[in-house]
Undergrad: 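Questions regarding the structure given below will be posed in turn.
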Protein chains: 2
Amino acid sequence: MKQENTHCIHCRNKSDIFSGLNDLELGKVNDCRVRMTYAPGEMIFKQGSPCHDFVCVTSGLVKCFIEGEDDKKIIIGFVRPIEYIFSPGAYIDKRHHFTAIACEETSVCLVSTDVFQELVKSNSEFANDFIAKISLQTINLCHQLTNITHKQIPGRMAETLLRLSQVVYKQNPFTSCLSRQDMADMCGMTKESVVRALKTFKDENIITVDGNTIHLLNIPMLETISKIG
Amino acid sequence: MKQENTHCIHCRNKSDIFSGLNDLELGKVNDCRVRMTYAPGEMIFKQGSPCHDFVCVTSGLVKCFIEGEDDKKIIIGFVRPIEYIFSPGAYIDKRHHFTAIACEETSVCLVSTDVFQELVKSNSEFANDFIAKISLQTINLCHQLTNITHKQIPGRMAETLLRLSQVVYKQNPFTSCLSRQDMADMCGMTKESVVRALKTFKDENIITVDGNTIHLLNIPMLETISKIG
DNA sequence: CTGATCAATTGATATAGATCAATGACACTA
DNA sequence: TAGTGTCATTGATCTATATCAATTGATCAG
């Protein structure tokens with residue numbers, strides 16, 4: 001863990017919102033920061049638990065999901081390096097409103113919410129960037145709401161595949177560590193429906209599926225399917 | 001329109017996030033502010049249009065909804081006096097990501113996003129309050145996502161009724177100007193399903209419905225129905 | 001008063017997708 | 001090597017809810 005000893009000032013894995021901080025401010029962050037690594041499947045924080053720290057993902061992949069009754073989940077986002085997890089409860093009730101779990105081997109830096117909020121107050125550029133990030137999260141939630149509410153299975157599946165390839169993995173083909181259930185939880189369907197939808201796309205030569213590797217062959221078609229719902 | 005000439009400094013209808021501003025700052029707001037009134041059904045801004053102003057609702061009631069394909073809508077919130085409409089695009093792409101329509105006769109103050117963002121930068125308390133408000137919006141969206149995705153019609157209807165009574169109108173019984181279609185758009189169902197769900201609740205003596213007035217008779221039962229989905 | 005318009009209601013029908021159940025495919029271990 | 005657990009796959013139902021169609025009020029203009 002060479003990075004363990006790296007000072008935030010020299011850290012190359014700085015989330016972009018930190019680029020505007022001066023050395024003094026980064027010093028404060030460095031002093032309170034705790035570095036952690038998580039194995040695949042390990043929980044970083046749980047919905048409902050007290051929110052003491054902001055989490056910056058420096059390597060790996062984290063999935064964030066809302067837990068409902070009866071083990072029902074909704075995955076609201078994935079966080080990749082170098083990006084913060086914005087837990088909205090930090091400014092409201094000091095509780096996490098969703099659960100974060102490491103999908104792959106993941107390292108993070110935890111920064112105390114007190115220090116973080118101090119920075120928001122003292123550095124207006126930082127505050128501005130922070131607000132932009134939360135705004136983006138809001139826009140994404142709106143998007144997900146329409147995807148789940150207004151579209152049928154094929155549309156939702158198409159959108160999910162495009163999102164995985166273009167936003168989460170930024171690759172095509174991409175190899176994911178997500179189960180069929182995870183994909184189902186991204187767009188409010190069952191794992192069986194995911195299997196059937198993938199099979200349909202496969203039969204129509206829109207994608208190929210080989211284990212956990214999915215190749216999107218006809219992206220315009222997927223976009224059309226996603227659009228018409 | 002007596003308020004037309006009132007200076008922000010003396011305005012009693014100040015949104016709480018403005019309470020921390022000094023006279024100089026309020027002066028800036030006052031100088032750029034435009035006061036508008038809208039008749040019921042009139043549009044305040046439309047999804048996709050440029051976002052030049054923040055909107056503070058000083059009287060009336062505004063519904064905000066995402067527009068999908070084929071006239072499909074999702075109502076993501078209602079804004080009552082004295083509360084801001086937080087349009088997340090202001091910090092991202094300068095576009096509105098949902099539409100706002102006056103439900104009742106409504107007056108608003110429009111404040112230029114430039115001035116607003118200046119205030120966020122210059123006044124850390126203001127920034128802090130603003131972030132708290134956006135965070136709340138995010139939490140509400142998460143809540144709505146679970147309500148729509150994880151619950152069946154009775155649960156969604158129960159939750160919607162509780163929300164109307166406890167959050168939007170803060171009355172029981174309450175008289176709303178919303179159509180059945182509006183209620184349907186709050187929780188992703190059809191207007192026919194709303195009618196049937198209301199009828200079921202009425203038959204079970206959980207509520208009474210008289211035109212646009214709804215009385216929640218058995219709130220614990222509604223909470224149970226909402227919880228079990 | 002009389003169509004005309006629009007929302008609410010009700011009933012009949014269709015269907016998308018959930019649920020249930022069985023099987024297959026691996027990985028792991030004892 | 002058999003045994004166990006987990007996940008993916010497939011097929012056979014079932015059902016919640018959308019859709020479609022018809023009726024009833026209510027409101028409004030002339």
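Naming convention: chains lettered A, B, ... in sequence-line order (proteins, then strands); numbering from 1 in each chain. Treat the numbers as computed from the prediction; the structure is a model and nothing was measured.
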Undergrad: Taking only residues two or more places apart in sequence, or in another chain, which ones meet B:Glu83 in a side chain to side chain donor-acceptor pair (under 3.5 Å)?
TA: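 Per chain and number, B:Glu83 pairs via side chain to side chain donor-acceptor pair (under 3.5 Å) with B:Lys133.
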
Undergrad: Inspect the contact between B:Glu192 and B:Arg180 and indicate whether a charged nitrogen and a carboxylate oxygen are less than 4.0 angstrom apart.
TA: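 No, this pair does not count.
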
Undergrad: Which of residues 190-207 of chain B sit near DNA chain C, with a heavy atom under 4.0 Å from it?
TA: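 Those residues whose heavy atoms fall under 4.0 Å from DNA chain C, taken from residues 190-207 of chain B in numerical order, are B:Glu192, B:Val195, B:Arg196, B:Lys199.
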
Undergrad: How long is the line joining CG of A:Asp210 and P of D:dA8, in whole Å?
TA: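 Going from A:Asp210 (CG) to D:dA8 (P), I get 14 Å.
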
Undergrad: Could you run down the sub-3.5 Å N/O contacts of the protein with nucleotides 26-28 of chain D?
TA:
none

Undergrad: With ring-ring contact (aromatic ring centres under 6.0 Å, His included) as the rule and sequence neighbours excluded, what pairs involving residues 72-96 of chain A come up?
TA: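 Passing the test, one end in residues 72-96 of chain A: A:Phe18-A:Tyr84, A:Phe45-A:His96, A:Tyr84-A:Phe116, A:Phe86-A:Phe130.
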
Undergrad: Which pairs, with at least one residue in residues 172-194 of chain A and sequence neighbours excluded, count as a ring-ring contact (aromatic ring centres under 6.0 Å, His included)?
TA: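 Listed by first then second residue: A:Tyr169-A:Phe174.
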
Undergrad: How many angstroms lie between atom OG of B:Ser193 and atom CE of B:Met157, to the nearest 0.5 angstrom?
TA: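 Atom-to-atom, B:Ser193:OG and B:Met157:CE are 10.0 Å apart.
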
Undergrad: So, using salt bridge (Lys or Arg N to Asp or Glu O under 4.0 Å) as the criterion, who are the partners of B:Asp182 when residues are at least two apart?
TA: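 In terms of salt bridge (Lys or Arg N to Asp or Glu O under 4.0 Å), with neighbours along the sequence ignored, B:Asp182 is linked to B:Lys63.
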
Undergrad: Just verifying a value: how many Å separate A:Glu105 CD and A:Cys177 SG, rounded to the nearest 0.5 Å?
TA: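 Going from CD on A:Glu105 over to SG on A:Cys177, the span is 12.0 Å.
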
Undergrad: Round to a whole Å and report the spacing from CE of B:Met189 to C1' of D:dA18.
TA: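 Spelled out: CE on B:Met189 to C1' on D:dA18 is 11 Å.
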
Undergrad: Tell me which pairs pass salt bridge (charged side-chain N to carboxylate O under 4.0 Å, His left out) where either residue lies in residues 212-223 of chain B, with sequence neighbours left out.
TA: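 Non-adjacent pairs meeting salt bridge (charged side-chain N to carboxylate O under 4.0 Å, His left out): zero.
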
Undergrad: Given side chains that start at C-beta, do those of B:Thr138 and B:Asn140 come closer than 4.5 Å, heavy atoms only?
TA: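 No, side chains not in contact.
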
Undergrad: Going by the rule salt bridge (Lys or Arg N to Asp or Glu O under 4.0 Å), which residues pair with A:Glu69 if we only count those two or more places apart in sequence or in a different chain?
TA: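 A:Glu69 satisfies salt bridge (Lys or Arg N to Asp or Glu O under 4.0 Å) with B:Lys227 once adjacent residues are dropped.
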
Undergrad: B:Met157 CE to D:dT17 P: how many Å, rounded?
TA: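 In whole Å, D:dT17 P and B:Met157 CE are 13 Å from each other.
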
Undergrad: Scan residues 141-156 of chain B against DNA chain D and write down, sorted by residue number, each residue with any heavy atom closer than 4.0 Å; if none is found, say none.
TA: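 Within this stretch, B:Gln152, B:Ile153, B:Arg156 sit under 4.0 Å of the strand.
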
Undergrad: To the nearest 0.5 Å, tell me how far B:Glu42 CD sits from B:Cys103 SG.
TA: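 With rounding to 0.5 Å, CD (B:Glu42) is 12.5 Å from SG (B:Cys103).
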
Undergrad: Could you pull out every donor-acceptor pair under 3.5 Å between side chains of residues 195-222 of chain B and any protein atom, sequence neighbours left out?
TA:
| unit_1 | atom_1 | unit_2 | atom_2 | d |
| --- | --- | --- | --- | --- |
| B:Thr200 | OG1 | B:Arg196 | O | 2.9 |
| B:Thr213 | OG1 | B:Thr175 | OG1 | 2.9 |
| B:Asn218 | OD1 | B:Met221 | N | 3.1 |

Undergrad: Show every side chain to side chain donor-acceptor pair (under 3.5 Å) that has at least one partner inside residues 152-162 of chain B, sequence neighbours left out.
TA: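 Applying side chain to side chain donor-acceptor pair (under 3.5 Å) to every pair that reaches into residues 152-162 of chain B, excluding sequence neighbours, yields B:His143-B:Glu159, B:Lys151-B:Glu159, B:Glu159-B:Ser226.
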
Undergrad: Nucleotide range of DNA chain C contacted by chain B, 5' to 3', under 4.0 Å to a heavy atom?
TA: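 From 5' to 3', the first and last contacting nucleotides are C:dA8 to C:dA12.
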
